[in-house]
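First comes the structure, then the notes that go with it.
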Protein chains: 2
Amino acid sequence: MANIKDVAERAGVSVATVSRVLNGRSPVAETRERVLAAVAELGYRPDAVARALRTARTRTLGLVISDLRNPFFTELADAVEQEARRLGYSLIIGNAGESTRQQDDHIRTLLDRRIDGLLVSSAGTGSAMLREAADAGTPLVLLDRTVPGVAAPCVRAEGRAALTELAAHLAALGRRRPAVIVAPAGTPVGDERLELFRAALAAHGIALPPERVGASPDLRPEGGRQVMRRLLDLAEPPDAVLATDNLMALGALDEVRARGLRIPSDVALVAFDDVAWFAHLDPPLTAVAQPTRALGEAAVHTLLERIEGREAPSVLLPARLVPRRSCGEAATD
Amino acid sequence: MANIKDVAERAGVSVATVSRVLNGRSPVAETRERVLAAVAELGYRPDAVARALRTARTRTLGLVISDLRNPFFTELADAVEQEARRLGYSLIIGNAGESTRQQDDHIRTLLDRRIDGLLVSSAGTGSAMLREAADAGTPLVLLDRTVPGVAAPCVRAEGRAALTELAAHLAALGRRRPAVIVAPAGTPVGDERLELFRAALAAHGIALPPERVGASPDLRPEGGRQVMRRLLDLAEPPDAVLATDNLMALGALDEVRARGLRIPSDVALVAFDDVAWFAHLDPPLTAVAQPTRALGEAAVHTLLERIEGREAPSVLLPARLVPRRSCGEAATD
DNA sequence: CCGACGCGTGTAATCGATTACCTGACCCGC
DNA sequence: GCGGGTCAGGTAATCGATTACACGCGTCGG
């Protein structure tokens, strides 16, 4: 593979000149032509590794995703990758699989690779490396999930409007006994969603008693299914269930079907995160859609601000309700 | 961030000694202790960029995925990432979104970054950069999709046994008019699946006439839906449909539902790629499952062989049939 | 007519590691 | 007692780029 010295020799100039031509400084037309010709003939491409060493910028971002198999995060990762690439950055993706150990492992190797900045949707609440990275001055932006004790801007969706709308939607359809399946205790976004929903229901005079709030042991379908089992076994089972994550919603759906109950006639089901296949379920699931693409883009922009040394605020983007048929009303799709 | 010189000073030795201690060569116990102590006190971690420049190995692999939003590829990417990390490599993932241009774009930046090896599940058939990379001597392994004219080992699944079993399954259930929704013309794996299926059906005296083979314009749900529409409009509509990709299957399912037809009583549906949510559909979909994890691992192993300069053969792993309820028989889940 | 200035370009230091080569200490055997 | 072998560890070259600084040449003003 040709290097800058080969190009310099071929063009009859010094390496400095080649570098300057390629980085758009000084040289005059005639020299410039010769250099570009040599570059083309040799198929020269600057070595990003050498450049990174010298300039102390790798033009690479790190993204640690709590669970890449969760389609919401897949979409988010895809959005981040596209925006990063558009702005000239590569992305190294690490999947934590909801494990703090793997997450720390990833952060460590990313720091070793001198990424310019780090995006993390943290698994669990505490992460030693995350704090270390922040303290070490690596530009850091949290994604979707806040982490107590880590001072970094957080980019995520906020459900007030959507949950208010959802409460109204359910009230209008005559649902009086809502229930919520939340993420394991301590997950900040889950708790927030719960409280917003509770407040929105209260405005319609609908209560959300503790026995109709179930915390799933994990963020996977099986956890959601377990909680749904408990809810349906109540003396007064709920007539509408909100799951604060798409995978838990899927497990909840399985339990409803396994009991031979019908959605929405026996119980309504709503999920957070509008992933593509919700529209293909029977019935299509009503969902609170997070603006995935916008979140990914905002995260990259915020991180670039931090990389360039500027302050950057947290970003809260509104989620919106996508009514389908799982609450009872006929909708457009 | 501390560098090797800081460590050397603190330990009172030369940088060479530090490097030797950290790479497990010569130094004797006492010096060794001092160096390790200094490393610990300073929290020193070798700069992967500098090391890569010197050793000409980045310990990074590149993965270009044809469509990261397709859950089959998400799983595959996840498997590749895990295995790569287990073996000490980081992974830069690029999503081509089924576009040859984006794919070339990604390959180009990956080569610039001097990745040690490249894994590609190619979008489309031809790719200038792919050929260029192969010619330039970058270790290359194809994943899931062969590319004519590119000399590189290919790791993928092979459906003979599964499709033979499927043909028997359908025959036993009395299905006589099968149809196939294939990927756009020229996608090697799609055509192969079609021919294997045709042969397997023939063994049961079942024909697969041209009018019951439809090529989708793309690998997305809408394409599958269009083909399904055509198939169901035939004078003699099929009583069983195989889609050679999970997203096309999803679109096909939508069309069946939109017409108020029932699966499996009106038409059976089988998909290639067993993705997690097939089990959560109603009815759960019978699928040809590719050994995703094993494919990812084999791909990494094959690539490492190539990186170490050894020859490596292509790998064909058998897919297997996962019968659920979408063909009519009651199954375990 | 000469010095200052500017412009284009070359020389060489630099980023942070690895490693070939050399040095010096020590030990051993003859 | 001395030559040679062994081994720890230091010196410096190197990877491929960027860039501060220096230099030479041309131009222009006083």
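As a basis for the values below, the full set of heavy atoms in this structure was taken, side chains included, without hydrogen atoms, waters or symmetry mates. Quick note on labels: first sequence line is chain A, next is B, and so on, each numbered from 1.
For C:dG10, one of the phosphate oxygens OP1 or OP2 lies less than 4.0 angstrom from a side-chain nitrogen or oxygen of A:Thr17. Not one side-chain nitrogen or oxygen of B:Ser19 sits closer than 4.0 Å to the OP1 or OP2 atom of C:dT19. The side chain of A:Asn3 contributes no N or O atom lying less than 4.0 Å from OP1 or OP2 of D:dC15. B:Thr31 has a side-chain polar atom (N or O) that falls below the 4.0 Å cut-off from OP1 or OP2 of D:dG9. OP1 or OP2 of C:dT18 sits under 4.0 Å from a side-chain N or O of B:Arg51.
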Side-chain donor-acceptor pairs of residues 4-12 of chain B under 3.5 Å, sequence neighbours excluded:
from, atom 1, to, atom 2, distance (Å)
B:Asp6, OD2, B:Asn3, N, 3.0
B:Arg10, NE, B:Glu41, OE1, 2.6
B:Arg10, NH2, B:Glu41, OE1, 2.6

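Around the CZ atom of B:Arg114, the shell of radius 6.0 Å holds more than 12 heavy atoms that belong to other residues, nucleotides or ligands. Residue A:Arg57 qualifies as enclosed at atom CZ: its count of foreign heavy atoms under 6.0 Å is above 12.
By the 4.5 Å heavy-atom criterion applied to side chains, B:Leu130 and B:Leu140 are counted as neighbours.
The CG-C1' distance, from B:Asp112 to D:dA17, rounds to 13 Å in whole Å. Protein atom CZ of B:Arg57 is 19 Å distant from nucleotide atom P of C:dA17, rounded to whole Å. Look at CD on A:Glu9: it is 13 Å from P on D:dG16, rounded to the nearest Å. Rounding to whole angstrom units, CG of residue A:Asp47 and P of D:dC15 are separated by 12 Å. Between A:Glu30 atom CD and C:dG8 atom P the separation is 13 Å, expressed in whole Å. One can place CD1 of B:Ile4 at 12 Å from P of D:dG10, the figure rounded to the nearest angstrom. Distance B:Arg113 CZ to D:dA17 C1': 15 Å, rounded to the nearest Å. Rounded to whole Å, atom P of D:dA17 lies 21 Å from atom CZ of A:Arg114.
The closest donor-acceptor contact from the side chain of A:Thr17 to the backbone of A:Val13 lies at 3.5 Å or more, if one exists at all. Under the 3.5 Å distance criterion, the side-chain polar atoms of B:Thr74 are left unmatched by any main-chain donor or acceptor of A:Arg69. In this structure, the side chain of A:Thr292 engages the main chain of A:Gln290 through a donor-acceptor pair within 3.5 Å. The backbone N or O of A:Val155 lies less than 3.5 Å from no partner atom in the side chain of A:Ser314, so there is not a single donor-acceptor pair.
Each of A:Val147, A:Asp144, A:Val64, A:Leu143 was checked for a side chain to side chain contact (heavy atoms under 4.5 Å, CB included) with A:Ser122, and the lone residue meeting it is A:Val147.
The residue among A:Ala16 and B:Arg54 whose nearest nucleotide of DNA chain D lies closer to the 5′ end is B:Arg54. Annotation: of the two residues near DNA chain D, A:Leu22 and B:Ala50, the 5′-most nearest-nucleotide partner is B:Ala50.
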Could I get a table of every N or O pair under 3.5 Å where one atom is in the protein and the other is in nucleotides 21-23 of chain C?
none

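Across all strands shown, B:Val13 has heavy atoms under 4.0 Å from sugar-phosphate atoms exclusively, and none from any base. Within 4.0 Å (heavy atoms only), B:Thr55 reaches sugar-phosphate atoms of the nucleic acid but no base atom.
Between its opening and closing five pairs, the helix from C:dC1-D:dG30 to C:dC30-D:dG1 changes axis direction by 70°, a value rounded to 10 degrees.
The closest side-chain donor-acceptor pair between B:Thr100 and B:Ser127, if any, does not fall under 3.5 angstrom.
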